[in-house]
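Just so it is clear, the model here is predicted, and its values are computed rather than measured.
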Amino acid sequence: MARTVAPVYDPQLIEPRWRAAWKAAGLFRVTEDRSRPKFFHMVMFPYPSGPLHMGHFRNYVFGDTFARYKLMRGYNVLNPFGWDAFGLPAENAAIQTGIPPRVSIEKNIAISKHELEIMGIGFAWDREIATSSPDYYRWTQWLFLKFYERRLAYKRMASVNWCPKDNTVLANEQIVNGVCWRCGTRPTKKDLEQWFFKITAYADRLLDDLDKLDRWPERVRVMQANWIGRSHGAELAFTVEGQEPIRVFTTRPDTVFGVTFMVLAPEHPLVARITAPAQRHAVEAYVERTRSETEIERLSTEHEKTGVFTGAYAINPWNGERVPIWIADYVLVTYATGAIMGVPGNDTRDLAFARKYRLPVKEIVSRSPRPAGTVEGTVLELDQGYAVNSGPYSGMPSRQAFEAIAAEAEKRGIGVRTVTYRLRDWLISRQRYWGVPIPIIYCPDHGIVPVPETDLPVVLPENVEFRSDGRNPLLFVEDFVNTTCPRCGKAARRETDTMDTFVDSSWYYLRYTSAREEREPFDPEKASFWMPVDQYIGGVEHAILHLLYSRFFTKVLHDAGMVAVDEPFAALFSQGMILRHGAVMSKSKGNGVEPDQIVERYGADTGRIYELFIGPPDQDAEWNDRGVEGISKFLHRVFRIVVGEEEGSPHQGQPVGEVELLRSLHETIDKVTRDIEAFHFNTAISALMILVNRMQDYLRGGGARNEAWATVAQGLTRLLAPFAPHLAEELWERQGGRGLLTFGDWPSVDPALLARSLVTVVVQVDGRLRDRIEMAAGAGEDDVRRRALESERVKRALAGRSVARAVLVPDRLINLVSA
RNA sequence: GCGGCUGUGGUGAAAUGGUAAACACGCUAGGUUCAGGGCCUAGUGCUCGCAAGAGCUUGGUGGUUCGAGUCCACUCAGCCGCACCA
């Protein structure tokens with residue numbers, strides 16, 4: 001390409017040229033090169049929804065900057081990308097427009113890819129994946145079969161949230177404010193046979209291993225821990241006349257003497273059997289009513305507790321008391337045993353229920369070993385109180401009573417210590433078309449039969465008719481549904497549900513390690529070479545779902561001997577969102593800024609640096625068009641100063657000589673390096689601005705463009721490379737640099753050049769700043785103190801008092817404490 | 001209710017327990033073969049003062065310390081997550 005000599009910084013001219021150069025050089029193309037340390041770097045892959053906006057780009061800019069930096073540090077960087085290409089939006093678009101999902105997805109991918117390219121975001125494109133490609137989803141199906149073999153995939157009847165308008169199940173997270181997130185319809189409950197992954201079998205490990213993830217944001221770990229929700233307690237049995245006992249779960253067995261009623265979930269199997277004839281009508285009506293409510297509604301705090309007495313009584317084996325059995329919708333059949341013991345004396349929910357239905361309240365926990373005589377409604381935690389009115393356990397600290405009662409229950413065979421989780425099994429069936437077909441066949445003789453591995457992939461038929469009623473088009477594809485049993489060859493029916501798209505994204509990082517592998521989902525050797533992901537970057541909206549599912553997958557595959565690691569992501573960074581006009585940037589709100597606009601007007605480098613400088617990377621930031629202008633000016637200034645337009649014009653600041661200039665460079669190298677490692681991109685940019693200001697001061701003070709200058713200019717250029725890669729390459733070439741800077745070395749700090757001979761020491765009197773003095777570096781306390789006391793300002797502040805003692809921070813500060 | 005995060009100039013923000021407000025935006029004044037824009041210079045937390053200077057200042061109240069935006073306790077406000085999970 002012809003060399004262009006631009007008198008001014010012209011991004012339009014220089015940027016395409018360098019992108020072509022990187023492409024030719026194979027930026028981020030890697031192999032399992034053992035001569036360099038590996039670094040597996042990933043940004044979360046997106047759903048290809050069409051044009052991206054600068055809000056999306058923050059993620060990619062951080063990632064690209066970090067990956068380029070690691071490359072310059074000499075790492076063998078695996079930096080792949082792909083597309084989470086299955087999902088409902090493409091299917092809905094197909095229903096409305098008739099454009100097949102594959103067509104719209106491919107178009108969107110092309111658009112997004114172009115935008116990434118013009119922003120200079122580099123990836124290992126030779127490893128690009130799309131979850132909707134048969135090359136990929138056949139292995140998603142294969143993994144499903146592995147889970148099935150290991151009894152981690154199973155089918156059962158489940159009461160699910162069903163959107164009657166869209167004709168599909170909704171995951172709990174897809175119900176927003178009690179209605180379907182898509183169409184606003186109130187979902188109903190429906191009993192359906194659904195496929196689940198048994199994530200609960202891994203609950204303990206998923207929770208305990210969070211401790212290993214010391215390079216994850218605290219908030220994400222906390223959210224996952226809450227989601228798993230492990231509770232230690234006991235299951236206790238209460239006898240019912242003429243029936244099997246009711247088993248309840250409680251985290252507070254020490255409060256068992258305070259039971260004044262029992263509550264069963266309305267769906268509890270015992271309800272029908274124990275209900276007294278007189279209450280049957282009321283109970284049945286109540287059960288019917290709760291069935292029409294969603295779990296979300298039932299669990300809402302504002303929802304007033306309601307319930308109905310069954311007419312039956314249970315006996316509390318601990319004190320022989322006879323207590324009424326109620327049913328109430330605040331007890332969930334899906335959690336623990338679906339039944340509770342009502343202890344209004346130390347539980348706010350039970351207290352509210354007891355007050356509403358005038359049930360007795362007993363004090364059984366007190367702040368002191370003696371009863372206070374009142375129950376005020378504050379719950380005392382296990383290590384805050386003492387058991388009272390509790391028979392032989394009275395007076396014990398609650399924790400001790402917990403242990404004693406649990407032990408006694410086990411001895412008497414009326415209870416057992418146990419652990420319960422809030423986490424439930426992962427419902428992966430979706431009554432949707434645009435997803436991975438679940439590789440299962442239903443045979444009239446053999447029931448559920450997995451598709452043999454050799455028959456994979458079960459290809460998703462693409463010539464289908466989309467129905468306006470939203471029913472899964474697969475149901476009507478005869479060729480697909482009608483098949484034969486792999487065991488007996490008889491006519492059989494294929495599963496038409498597809499998998500939740502979170503299954504697709506639960507293993508894509510492994511696929512990246514050998515993206516073109518044809519015999520297995522990934523090459524175990526390559527996977528063990530690259531795993532774990534050393535740095536993962538993505539939005540906090542995936543704090544639970546995707547990140548928890550991926551951890552689960554990794555553990556399962558670890559147990560199956562397929563991967564060495566049991567945690568996929570060693571370090572996680574969750575970036576803040578970009579807002580504009582006070583709202584998250586989005587196409588629907590019309591407040592998006594598109595990369596094309598930025599690239600055309602200012603160049604990609606300006607857009608990149610602006611997104612880095614806008615604020616702390618982990619916090620949300622407001623987009624400001626003026627701020628973009630500011631960055632553009634900065635880059636123009638960098639260009640002029642390095643390329644040689646800028647000359648000195650006099651100013652009043654401190655003169656900057658060669659020594660100061662070189663020191664500034666090394667201070668900047670030090671600062672920028674530490675800032676990138678810590679993901680403090682905003683301060684890294686400000687450090688670069690400071691260096692450029694110093695360079696300007698040097699020239700204005702008459703400094704020559706000599707060898708020292710060239711060293712600093714080249715140093716600046718290298719430091720700029722991860723942030724503004726196009727400009728850096730251009731400057732590098734104009735300075736006579738060899739090869740591509742992107743593949744060059746990151747500069748290192750020379751501690752000798754950081755040293756100062758003269759330092760400014762701050763003088764405080766009684767902790768208040770009074771003066772600053774110039775001292776030789778390394779001056780001792782006596783010298784500094786003597787010089788400080790010579791200061792008129794210091795004398796005035798002391799006002800004749802003597803100095804009782806002095807605190808010296810070498811080369812920085814002395815504090816004179818007056819008598 | 002539980003948990004997490006955040007409170008600093010007009011704005012975005014910076015600050016290993018050691019000069020609060022770096023860097024930038026904005027603004028003011030001036031310069032520029034100066035329409036505008038750009039570029040350059042000086043200034044810009046608040047109060048008093050012509051100035052020199054003095055005092056005040058990191059949501060609030062206390063505490064630890066020679067010294068606190070930073071650590072501790074309590075408290076207020078905002079944001080986020082979970083939320084009748086027994």
Side-chain angles (χ1 to χ4, degrees), chain A residues 8 217-227 229-231 233 248-252 255 263 265 296 298-305 328-332 334-343 347-350 352-353 379 420-424 540-541 543-544 610 613-616 618-631 633-634 636-637 640 645-646 648-653 674 680 682-690 692-693 696 700 760-772 793 796-797 804-809 812-818:
Chain A
V8 290
E218 171 72 9
R219 65 177 160 159
V220 174
R221 287 185 308 188
V222 167
M223 282 163 78
Q224 291 210 356
N226 289 343
W227 188 262
R230 182 163 64 192
S231 301
V248 301
F249 174 72
T250 178
T251 54
R252 297 298 298 271
T255 64
V263 186
I296 309 290
R298 280 174 58 178
L299 291 184
S300 142
T301 321
E302 294 96 69
H303 191 50
E304 203 191 339
K305 286 173 187 50
D329 63 359
Y330 79 96
V331 175
L332 308 175
T334 47
Y335 183 75
T337 63
I340 63 156
M341 58 184 205
V343 185
D347 185 291
T348 48
R349 299 152 302 177
D350 295 344
F353 193 75
V379 170
T420 305
Y421 304 88
R422 209 182 71 100
L423 180 72
R424 301 185 194 164
V540 77
E541 66 273 17
I544 294 171
Y610 177 63
F613 189 64
I614 191 168
D618 56 346
Q619 284 173 34
D620 291 352
E622 174 78 21
W623 182 274
N624 178 350
D625 295 326
R626 299 250 200 201
V628 185
E629 295 274 355
I631 297 300
K633 287 182 195 173
F634 169 64
H636 275 93
R637 208 145 58 91
R640 284 197 306 273
E645 294 285 313
E646 192 95 352
S649 67
H651 73 120
Q652 301 170 6
R674 283 185 288 114
H680 292 165
N682 54 332
T683 49
I685 300 300
S686 101
L688 291 172
M689 289 172 168
I690 292 169
V692 172
N693 290 346
Q696 214 160 10
R700 303 232 171 91
T760 303
V761 176
V762 167
V763 183
Q764 294 182 339
V765 176
D766 295 327
R768 302 171 72 93
L769 172 71
R770 293 302 171 182
D771 206 355
R772 297 179 172 89
R793 290 183 185 181
R796 210 184 310 144
R805 71 184 184 108
V807 180
L808 179 78
V809 181
R812 297 214 58 169
L813 172 146
I814 189 163
N815 188 9
L816 305 173
V817 184
S818 71

K.L.:
Within the 4.0 Å heavy-atom criterion, would you say A:R770 contacts the bases, only the backbone, or no part of the nucleic acid?
P.N.:
sugar-phosphate
K.L.:
Does A:R221 have any salt bridge (charged side-chain N to carboxylate O under 4.0 Å, His left out) partners at least two apart in sequence or in another chain, and if so, which?
P.N.:
A:E218
K.L.:
Within the sub-3.5 Å range, which N or O atoms of nucleotides 46-53 of chain B have a protein N or O partner, and how far apart are they?
P.N.:
from, atom 1, to, atom 2, distance (Å)
B:G53, OP1, A:R793, NH2, 3.0

K.L.:
Starting from Watson-Crick (N1-N3 plus N6-O4 or O6-N4) and G-U wobble pairs under 3.5 Å, report the runs of at least three that RNA chain B belongs to.
P.N.:
B:1-7 with B:76-82, B:10-12 with B:23-25, B:26-32 with B:38-44, B:45-48 with B:53-56, B:59-63 with B:71-75
K.L.:
For nucleotides B:U28 and B:G18, find the distance between their C1' atoms and express it as a whole number of Å.
P.N.:
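Looking at atom C1' only, B:U28 and B:G18 are 34 Å apart.
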K.L.:
Can you check the A:R626 CZ to B:C27 C1' distance for me, whole Å?
P.N.:
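In whole Å, B:C27 C1' lies 10 Å from A:R626 CZ.
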K.L.:
For A:I814, run the side chain to side chain contact (heavy atoms under 4.5 Å, CB included) check against A:V809, A:V765, A:V763 and tell me which one passes.
P.N.:
A:V763
K.L.:
Are any protein N/O atoms closer than 3.5 Å to N/O atoms in nucleotides 18-22 of chain B? If there are, list each pair with its distance.
P.N.:
from, atom 1, to, atom 2, distance (Å)
B:U19, O2, A:R772, NE, 2.7
B:U19, O2, A:R772, NH2, 2.3

K.L.:
Roughly how many Å apart are B:U19 and B:G12, using the P atom of each and rounding to a whole number?
P.N.:
24 Å
K.L.:
Please list each protein N or O that sits under 3.5 Å from an N or O in nucleotides 35-38 of chain B, with the distance.
P.N.:
from, atom 1, to, atom 2, distance (Å)
B:G38, OP1, A:K633, NZ, 3.4

K.L.:
Could you state the atom-to-atom distance from CG of A:D618 to P of B:A13 in whole Å?
P.N.:
11 Å
K.L.:
Would A:D625 and A:Y610 count as having a side-chain donor-acceptor pair, cut-off 3.5 Å?
P.N.:
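Not at all, the side chains of A:D625 and A:Y610 share no donor-acceptor pair under 3.5 Å.
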K.L.:
Under the side-chain contact (heavy atoms from CB on, under 4.5 Å) test, which residues partner A:N226, sequence neighbours left out?
P.N.:
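Partners of A:N226 under the side-chain contact (heavy atoms from CB on, under 4.5 Å) test: A:V222.
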K.L.:
Classify A:R219 by what it touches in the nucleic acid, base, sugar-phosphate, or nothing, heavy-atom distance under 4.0 Å.
P.N.:
sugar-phosphate
K.L.:
For a quick check of understanding: with a heavy-atom distance under 4.0 Å over all strands, which category does A:D350 fall into, base, sugar-phosphate or nothing?
P.N.:
nothing
